[in-house]
Amino acid sequence: MPLHSPDGGGELLRLLPVFLGLVVGWVALRGLLAHPLLPLWVRTSVFWAVPLGAVTWMYIMAADDYVLFPDTAPCPREPYQEGVIGSGRVSGVSTPFPPRAYCAWEDGTVYDLAPGAEFLFWVFFALTVVPLAAGLWHALRDPKSLLR
(Lines give C-alpha, C1' and ligand atoms only; values in the text may rest on other atoms or scores of the structure.)
Protein backbone atom coordinates (compact mmCIF):
# COMPACT_ATOMS: atom_id res chain seq x y z
CA MET A 1 0.00 0.00 0.00
CA PRO A 2 1.60 3.29 -1.02
CA LEU A 3 1.98 6.07 1.49
CA HIS A 4 0.46 8.58 -0.90
CA SER A 5 -2.81 7.67 -2.54
CA PRO A 6 -4.19 9.25 -5.72
CA ASP A 7 -7.40 10.37 -4.00
CA GLY A 8 -5.53 12.60 -1.57
CA GLY A 9 -5.56 10.50 1.61
CA GLY A 10 -9.17 9.38 1.69
CA GLU A 11 -8.27 6.21 3.57
CA LEU A 12 -6.90 8.17 6.49
CA LEU A 13 -9.98 10.35 6.65
CA ARG A 14 -12.16 7.25 6.77
CA LEU A 15 -10.20 5.94 9.74
CA LEU A 16 -10.34 9.22 11.66
CA PRO A 17 -13.89 8.67 13.10
CA VAL A 18 -12.90 5.16 14.18
CA PHE A 19 -9.79 6.44 15.92
CA LEU A 20 -11.71 9.28 17.60
CA GLY A 21 -14.39 6.83 18.74
CA LEU A 22 -11.77 4.56 20.28
CA VAL A 23 -10.10 7.45 22.10
CA VAL A 24 -13.41 8.80 23.44
CA GLY A 25 -14.45 5.27 24.46
CA TRP A 26 -11.15 4.72 26.27
CA VAL A 27 -11.45 8.04 28.15
CA ALA A 28 -15.07 7.24 29.04
CA LEU A 29 -14.11 3.80 30.34
CA ARG A 30 -11.26 5.22 32.40
CA GLY A 31 -13.57 7.92 33.78
CA LEU A 32 -16.21 5.32 34.61
CA LEU A 33 -13.77 3.15 36.52
CA ALA A 34 -12.39 6.19 38.40
CA HIS A 35 -15.84 7.60 39.28
CA PRO A 36 -16.01 7.76 43.09
CA LEU A 37 -19.79 7.96 43.50
CA LEU A 38 -20.93 5.02 41.39
CA PRO A 39 -21.28 1.63 43.05
CA LEU A 40 -19.11 -1.23 41.81
CA TRP A 41 -21.97 -3.06 40.06
CA VAL A 42 -22.72 0.02 37.92
CA ARG A 43 -19.05 0.45 37.05
CA THR A 44 -18.70 -3.18 36.01
CA SER A 45 -22.04 -3.43 34.19
CA VAL A 46 -20.36 -2.34 30.96
CA PHE A 47 -18.13 -5.41 31.02
CA TRP A 48 -21.07 -7.81 30.87
CA ALA A 49 -23.53 -5.64 28.90
CA VAL A 50 -21.21 -5.22 25.88
CA PRO A 51 -20.67 -8.95 25.18
CA LEU A 52 -24.34 -9.75 25.78
CA GLY A 53 -25.35 -6.90 23.48
CA ALA A 54 -22.97 -8.20 20.81
CA VAL A 55 -24.40 -11.72 21.05
CA THR A 56 -27.93 -10.32 20.84
CA TRP A 57 -26.97 -8.25 17.80
CA MET A 58 -25.53 -11.34 16.07
CA TYR A 59 -28.72 -13.27 16.86
CA ILE A 60 -30.83 -10.53 15.25
CA MET A 61 -28.58 -10.38 12.17
CA ALA A 62 -28.88 -14.16 11.67
CA ALA A 63 -32.62 -14.35 12.37
CA ASP A 64 -33.60 -14.19 8.69
CA ASP A 65 -30.94 -16.69 7.60
CA TYR A 66 -32.30 -19.80 5.90
CA VAL A 67 -29.00 -21.49 5.00
CA LEU A 68 -28.70 -23.83 8.00
CA PHE A 69 -32.22 -25.27 7.95
CA PRO A 70 -33.91 -24.49 4.61
CA ASP A 71 -36.99 -26.59 5.45
CA THR A 72 -37.75 -24.50 8.55
CA ALA A 73 -36.68 -21.13 7.16
CA PRO A 74 -38.13 -18.14 9.02
CA CYS A 75 -39.06 -16.52 5.70
CA PRO A 76 -40.47 -19.38 3.58
CA ARG A 77 -39.68 -19.25 -0.14
CA GLU A 78 -43.21 -20.43 -0.98
CA PRO A 79 -46.19 -19.24 1.06
CA TYR A 80 -47.62 -21.88 3.39
CA GLN A 81 -51.17 -20.92 2.53
CA GLU A 82 -52.11 -18.03 0.30
CA GLY A 83 -53.19 -14.98 2.29
CA VAL A 84 -52.27 -16.26 5.75
CA ILE A 85 -49.32 -13.93 6.35
CA GLY A 86 -48.58 -12.31 3.00
CA SER A 87 -48.79 -13.06 -0.69
CA GLY A 88 -46.17 -13.21 -3.39
CA ARG A 89 -42.43 -13.70 -3.02
CA VAL A 90 -40.85 -13.20 0.36
CA SER A 91 -37.36 -12.11 1.34
CA GLY A 92 -35.57 -11.92 4.65
CA VAL A 93 -34.14 -8.52 5.53
CA SER A 94 -31.65 -7.57 8.25
CA THR A 95 -30.58 -4.01 9.03
CA PRO A 96 -27.39 -3.61 11.08
CA PHE A 97 -28.30 -0.45 12.98
CA PRO A 98 -30.85 -0.13 14.37
CA PRO A 99 -30.81 -3.93 14.43
CA ARG A 100 -33.92 -5.42 12.93
CA ALA A 101 -34.72 -8.67 11.15
CA TYR A 102 -37.97 -9.19 9.29
CA CYS A 103 -39.64 -10.94 6.39
CA ALA A 104 -41.01 -8.71 3.64
CA TRP A 105 -43.58 -9.95 1.14
CA GLU A 106 -44.31 -8.46 -2.28
CA ASP A 107 -47.65 -7.11 -1.10
CA GLY A 108 -45.93 -5.01 1.60
CA THR A 109 -46.62 -7.30 4.55
CA VAL A 110 -43.82 -7.24 7.11
CA TYR A 111 -43.29 -9.83 9.84
CA ASP A 112 -40.73 -9.12 12.59
CA LEU A 113 -38.57 -12.13 13.38
CA ALA A 114 -36.87 -11.16 16.64
CA PRO A 115 -38.82 -8.47 18.53
CA GLY A 116 -37.72 -9.81 21.93
CA ALA A 117 -34.08 -9.81 20.90
CA GLU A 118 -34.42 -6.26 19.59
CA PHE A 119 -35.72 -5.16 22.99
CA LEU A 120 -32.83 -6.94 24.73
CA PHE A 121 -30.34 -5.27 22.40
CA TRP A 122 -31.66 -1.82 23.34
CA VAL A 123 -31.53 -2.71 27.06
CA PHE A 124 -27.89 -3.77 26.74
CA PHE A 125 -27.17 -0.71 24.59
CA ALA A 126 -28.57 1.57 27.31
CA LEU A 127 -26.67 -0.36 30.02
CA THR A 128 -23.50 0.40 28.05
CA VAL A 129 -24.06 3.97 26.91
CA VAL A 130 -25.42 5.48 30.12
CA PRO A 131 -22.53 4.41 32.40
CA LEU A 132 -19.98 5.33 29.73
CA ALA A 133 -21.58 8.76 29.39
CA ALA A 134 -21.30 9.17 33.17
CA GLY A 135 -17.66 8.13 32.95
CA LEU A 136 -16.98 10.59 30.13
CA TRP A 137 -18.69 13.34 32.12
CA HIS A 138 -16.53 12.52 35.14
CA ALA A 139 -13.36 12.42 33.01
CA LEU A 140 -14.14 15.83 31.50
CA ARG A 141 -15.02 17.36 34.90
CA ASP A 142 -12.03 15.98 36.78
CA PRO A 143 -9.25 14.88 34.39
CA LYS A 144 -6.72 14.46 37.20
CA SER A 145 -8.74 11.58 38.64
CA LEU A 146 -7.71 9.51 35.61
CA LEU A 147 -4.06 9.69 36.69
CA ARG A 148 -4.60 7.65 39.85
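Values in this document were obtained by computation on a predicted structure and should not be read as measured data.
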Contacts of Trp26 that satisfy ring pair (Phe, Tyr, Trp, His ring centres under 6.0 Å) - sequence neighbours left out
none

Side-chain atoms of residues 55-62: list all donor-acceptor pairs with protein atoms under 3.5 Å, sequence neighbours left out, distances to 0.1 Å.
from, atom 1, to, atom 2, distance (Å)
Thr56, OG1, Leu52, O, 2.7
Trp57, NE1, Pro96, O, 2.9

To the closest 0.5 Å, what do you measure between CZ (Arg43) and CG (Leu29)?
12.0 Å

Trp41, Trp48: one ILVMFWY side-chain cluster at the under-4.5 Å cut-off?
no

Reported CZ-to-CG distance for the pair Arg30 and Leu136, which is rounded to 0.5 angstrom
13.5 Å

Would the number of heavy atoms belonging to other residues, nucleotides or ligands and lying under 6.0 Å from CZ of Phe19 be above 12?
no

Linked hydrophobic residues, Leu16 as query - side chain contacts closer than 4.5 Å:
Leu20

Sorted by chain and number, sequence neighbours left out, side-chain hydrogen bond (donor to acceptor under 3.5 Å, both in side chains) with Arg100 holds for Asp112

Return a table of donor-acceptor pairs under 3.5 angstrom between the side chains of residues 117-131 and protein atoms on other chains or two or more places apart.
from, atom 1, to, atom 2, distance (Å)
Thr128, OG1, Phe124, O, 2.9

Could you go through the side-chain contact (heavy atoms from CB on, under 4.5 Å) check for Leu33 and Phe47 one step at a time?
CA-CA 11 Å; Leu33 294 176; Phe47 295 105; 3.9 Å; yes

Under the side-chain hydrogen bond (donor to acceptor under 3.5 Å, both in side chains) rule, collect the residues that match up with His138, sequence neighbours excluded.
Ser145

State the OG-CG distance between Ser45 and Leu38, to the nearest 0.5 angstrom.
9.0 Å

Could you see if Val27 belongs to whatever hydrophobic cluster contains Leu140? Use Ile, Leu, Val, Met, Phe, Trp, Tyr and a side-chain cutoff under 4.5 Å.
yes

